[in-house]
Amino acid sequence: MPTRDEFVAASKPAGPDLTGGAQVTPLSATVTDGATSTGPTAKPASEYARPGGLEGDAYDVDFAFRTGGASLAAQKLADLTVTHANEPGYADALLKASEQTLQGMADQLGERTRKGSLDDEKKDAFGKLNTTYETLKNLSVVADKVSPESLKLLGQKLAAATPDDNELNQLDDSLAELQEESMPGLAKLAGTLVTELQAAGKNSAAKELLKEHKPLQEVSTAPAVDGNRWTPGTPLSEAKNAHNTTVRGDFDKARNGDYNWFEGDVSMELDREGRIEMRHDSRHEDGDNLTLSEWLNESKKEGVGVKLDVKNEQVFDNRFLEDVRASGIPQERLMFNLGFGETERHGAETRRMFPNAMLAINPPDDVPVDQQVERMKNLAQREDIKGPVTFVFNYDNLPSKEQIAELQKIGPVSVWKGGAASGTDVGGIKDKLKNEYQVQGMVDIKEDFVDQTVDKVKDKARDTLRGFVRPPFFVG
């Protein structure tokens with residue numbers, strides 16, 4: 001492999017070389033992920049001479065494999081694929097250049113499929129949880145972007161490592177879970193695996209997967225058609241926000257209503273370490289909480305604006321932003337609701353990954369309004385945060401009309417209010433904010449519904465009856 005100096009001497013142009021699909025020699029041989037293995041020890045990245053362009057990207061995938069195993073390498077593949085999504089041929093060239101590393105990843109998945117003791121809820125040899133699920137999730141992202149030839153390559157590698165058995169442990173469980181979450185590219189990934197298992201004569205494994213998945217030739221290759229409830233460029237004042245959509249029943253109400261924005265609270269899962277779900281409280285909620293991936297993918301189908309309210313900062317350490325990007329929701333339909341602390345710590349990275357998304361800066365209620373306004377202005381004008389922003393205030397703690405006018409030189413002011421007291425004139429509040437205060441952002445005044453308590457009782461009863469089995473997503 002050429003050294004960095006040799007690449008510089010040759011004056012190789014920056015960026016991926018898509019003319020060939022170069023083969024890159026992996027940094028390490030295949031490593032299996034045995035129950036007692038401690039995994040390979042990698043040298044520091046500084047000790048490697050990383051080449052440039054496409055070969056350098058394939059090199060990074062293999063380095064991720066050495067240091068974090070199959071799930072980290074699949075994450076790297078997905079991140080690079082999404083980052084270069086507008087470069088024709090890039091995803092195919094990267095997959096071809098990473099072929100030997102891909103085989104190592106498939107071998108680790110095959111080992112986990114053979115040994116049921118290597119459970120996703122236990123850490124793997126690299127200290128990672130949910131290895132099978134995360135690997136397949138990110139390979140689905142790649143599968144959604146590559147050509148039929150590359151899909152075949154992906155299927156061949158996975159099929160070669162999959163045992164011909166009707167007991168596939170986490171492999172079929174994770175594929176079914178991702179199918180339930182409407183993961184983009186999952187049908188193609190499962191389809192190519194089924195097809196290549198059949199081609200290899202592994203009929204027991206193929207038959208097991210065919211219970212839930214179709215062979216590739218029966219999978220539609222047409223791009224998914226998404227709704228258009230919210231058109232980017234529409235004034236934010238025209239947003240009608242569904243404030244609560246974290247549980248299945250509330251999401252279905254929003255889906256069947258006339259809302260053009262869905263709001264979801266983002267937290268770490270309580271029952272499965274290392275996973276993200278939609279949940280407002282620090283405890284279990286009544287109803288069936290959606291996973292982050294499921295919520296994003298279903299919201300994308302509706303074509304709504306998506307407001308993500310971070311309730312647990314730990315999500316930023318668990319690929320929250322990467323999962324949002326992998327969903328493919330257009331940036332102009334994304335809003336990240338961040339408090340002062342989250343904006344300070346994660347605003348720059350969020351802006352770097354989503355330059356056209358809206359950052360909703362949300363102050364704590366216990367800070368005087370004058371201080372809120374100044375802090376908001378300072379944060380919004382930071383060089384690494386500048387871009388589309390809205391300033392979010394609680395209706396019970398509004399700034400003055402003059403302060404609103406000053407803030408709106410930078411971005412629209414939005415206003416929210418929790419459950420309105422019985423008899424509150426919600427329409428009058430909205431008119432006052434828009435006409436008297438000249439608020440230009442989202443006005444989200446939560447209204448009371450007489451049947452709200454009854455609905456919660458019904459939801460809880462339904463969830464109790466169906467026990468621990470998560471049903472297919474209800475389509476209204």
Side-chain angles (χ1 to χ4, degrees), residues 16 54 57-58 60-62 64-65 68-99 101-102 105-106 108-109 120 128 130-155 157-158 171 174-193 213 216 219-224 226 274-276 291-301 306 315 318-331 334 353-354:
L54 178 69
D57 291 345
D60 290 343
V61 173
D62 194 64
F65 176 69
S71 64
L72 191 63
Q75 289 169 7
K76 187 54 138 179
L77 267 174
D79 290 344
L80 287 165
T81 297
V82 173
T83 301
H84 297 275
N86 294 325
E87 298 176 30
Y90 176 87
D92 293 318
L94 177 63
L95 200 63
K96 184 65 176 176
S98 302
E99 182 174 351
T101 307
L102 181 63
M105 296 159 60
Q108 284 192 0
L109 284 180
D120 259 13
K128 298 191 176 299
N130 308 306
T131 297
T132 302
Y133 171 87
E134 291 294 338
T135 303
L136 293 172
K137 180 175 76 173
N138 284 288
L139 288 180
S140 296
V141 175
V142 177
D144 201 39
K145 305 295 183 185
V146 296
S147 67
E149 181 182 355
S150 293
L151 265 178
K152 183 178 178 67
L153 172 65
L154 187 53
K157 297 298 182 186
L158 292 173
L171 179 67
S174 294
L175 288 172
E177 189 173 0
L178 290 163
Q179 182 181 50
E180 183 183 305
E181 294 178 353
S182 301
M183 186 68 205
L186 186 278
K188 294 179 181 179
L189 181 69
T192 190
L193 175 55
H213 311 283
L216 187 59
V219 174
S220 173
T221 57
D226 298 322
R275 293 277 301 277
I276 303 174
T291 66
L292 172 64
S293 293
E294 186 175 16
W295 189 88
L296 289 169
N297 297 332
E298 294 296 334
S299 296
K300 183 186 178 188
K301 288 181 185 178
V306 169
V315 302
N318 286 271
R319 293 184 55 78
F320 163 56
L321 294 176
E322 287 83 357
D323 282 351
V324 175
R325 183 172 63 182
S327 74
I329 296 174
Q331 292 187 31
L334 287 173
M353 290 178 65
F354 303 95

So, do [X] and [Y] sit near enough that their side-chain heavy atoms are less than 4.5 Å apart?
| X | Y | result |
| --- | --- | --- |
| Asp120 | Thr131 | yes |
| Leu139 | Met105 | yes |
| Leu102 | Val61 | no |
| Leu109 | Leu136 | yes |
| Lys137 | Leu186 | no |
| His84 | Asp57 | yes |

Whether [X] side chain and [Y] backbone form a donor-acceptor pair below 3.5 Å:
| X | Y | answer |
| --- | --- | --- |
| Ser98 | Thr101 | no |
| Thr192 | Leu151 | yes |
| Gln108 | Ala70 | yes |

Between [atom1] on residue [X] and [atom2] on residue [Y], distance to nearest 0.5 Å:
| X | Y | atom1 | atom2 | value |
| --- | --- | --- | --- | --- |
| Thr291 | Glu298 | OG1 | CD | 9.5 Å |
| Leu171 | Tyr133 | CG | OH | 14.5 Å |
| Glu181 | Leu292 | CD | CG | 9.0 Å |
| Glu99 | Leu153 | CD | CG | 5.0 Å |
| Ser150 | Leu95 | OG | CG | 5.5 Å |

Self-check item: Arg275/Asn318 under side-chain contact (heavy atoms from CB on, under 4.5 Å): CA gap, chis, key distance, verdict
Solution: CA-CA 7 Å; Arg275 293 277 301 277; Asn318 286 271; over 6 Å; no
Cut-off 3.5 Å, no hydrogens considered: what does the side-chain donor-acceptor table look like for residues 72-81, sequence neighbours left out?
{"unit_1": "Asp79", "atom_1": "OD1", "unit_2": "Arg319", "atom_2": "NH2", "d": "3.0"}
{"unit_1": "Asp79", "atom_1": "OD2", "unit_2": "Arg319", "atom_2": "NH1", "d": "3.2"}
{"unit_1": "Thr81", "atom_1": "OG1", "unit_2": "Leu77", "atom_2": "O", "d": "2.7"}

Please find the pair of heavy atoms, one from [X] and one from [Y], that lie closest to each other, and give the distance.
| X | Y | result |
| --- | --- | --- |
| Ala187 | Val219 | O-CG2, 3.6 Å |
| Ser71 | Lys128 | OG-CD, 3.4 Å |
| Ala106 | Lys157 | CB-O, 3.3 Å |

Quiz prompt | Full working for side-chain contact (heavy atoms from CB on, under 4.5 Å) between Val324 and Leu334 | solution = CA-CA 9 Å; Val324 175; Leu334 287 173; 3.9 Å; yes
Quiz item: Is the shortest side-chain N to carboxylate O distance from Glu322 to Arg325 below 4.0 Å?
Solution: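 Salt bridge: no.
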Quiz item: What residues form a side chain to side chain contact (heavy atoms under 4.5 Å, CB included) with Ser327, not counting sequence neighbours?
Solution: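 Per chain and number, Ser327 pairs via side chain to side chain contact (heavy atoms under 4.5 Å, CB included) with Leu296, Asn297, Ile329.
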Quiz item: Tell me the salt bridge (charged side-chain N to carboxylate O under 4.0 Å, His left out) pairs involving residues 138-154, sequence neighbours left out?
Solution: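 Residue pairs with at least one partner in residues 138-154: Asp144-Lys188, Lys152-Glu196.
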